[in-house]
Student: 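Pasting a structure below so you can have a look.
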Amino acid sequence: MKNKAIFLDRDGTINIEKNYLYKIEDFEFETGVIEALKILQKLDFKLIIISNQSGIEREYYTKQDADKLFNYMVNKLKENGINIDKYYYCPHYKEECNCRKPKLGLFYEAKKDFNIDFARKLCNRR
Ligand SMILES: [Zn+2]
């Protein structure tokens, strides 16, 4: 059976947008995000984060910094009973890539990883 998923942005969606955020002490959840994710999880959606992190290729921070912050966020959510299935990010900026949103590379990677049904829409009810 195929899975259903919610694709979430990180900055400005899960946490308050700050320019090129990578420090844990600067991380703040957006209002209502814990409650919203709990509802989505209860409805059986895979919770997948897809984020552009061009600060890596711009050399504002490293991949390790980015992973550290993502792991912090995932653990904080876990403490609140929320399981993020996976996070994906594009580190690129200058380089021509297939993963920087609005390109769809990371969405297709998630589709493959979690057997997600892209054809079904929320309103497709019988
Ligand atoms: Zn990329």
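Whatever order the structure lists them in is the order used to number ligands and atoms, beginning at 1.
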Student: Output yes when K76 and E79 qualify as a salt bridge under the 4.0 Å nitrogen-oxygen rule, no when they do not.
Tutor: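 Between E79 and K76 there is a salt bridge, with a charged N closer than 4.0 Å to a carboxylate O.
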
Student: With the Zn ion (ligand 1) as the centre, enumerate protein N/O/S atoms below 2.8 Å in chain and residue order.
Tutor: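 Listed by chain and number, the atoms are C90 SG, H92 ND1, C97 SG, C99 SG.
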
Student: Considering only residues two or more places apart or on different chains, which pairs with a residue in residues 97-107 satisfy salt bridge (Lys or Arg N to Asp or Glu O under 4.0 Å)?
Tutor: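 Residue pairs with at least one partner in residues 97-107: D9-K101, E96-K103.
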
Student: Find out whether the Lys NZ or Arg CZ of R10 is both under 6.0 angstrom from the six-membered ring centre of Y89 and within 45° of the ring's axis.
Tutor: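 Not flagged: R10 not positioned over aromatic ring of Y89.
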
Student: Within 45 degrees of the ring normal and closer than 6.0 Å to the centroid, is that where the cationic atom of K46 sits relative to F114?
Tutor: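 Cation-pi check for K46 and F114: fails.
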
Student: Under the side chain to side chain contact (heavy atoms under 4.5 Å, CB included) rule, collect the residues that match up with E57, sequence neighbours excluded.
Tutor: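 Applying side chain to side chain contact (heavy atoms under 4.5 Å, CB included) to E57 gives H92, Y93, K94, E95.
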
Student: Side chains of residues 20-35: which donor-acceptor partners sit under 3.5 Å, not counting sequence neighbours?
Tutor:
residue : atom : partner : partner atom : Å
Y20     : OH   : R58     : NE           : 3.2
E28     : OE2  : K18     : NZ           : 2.8

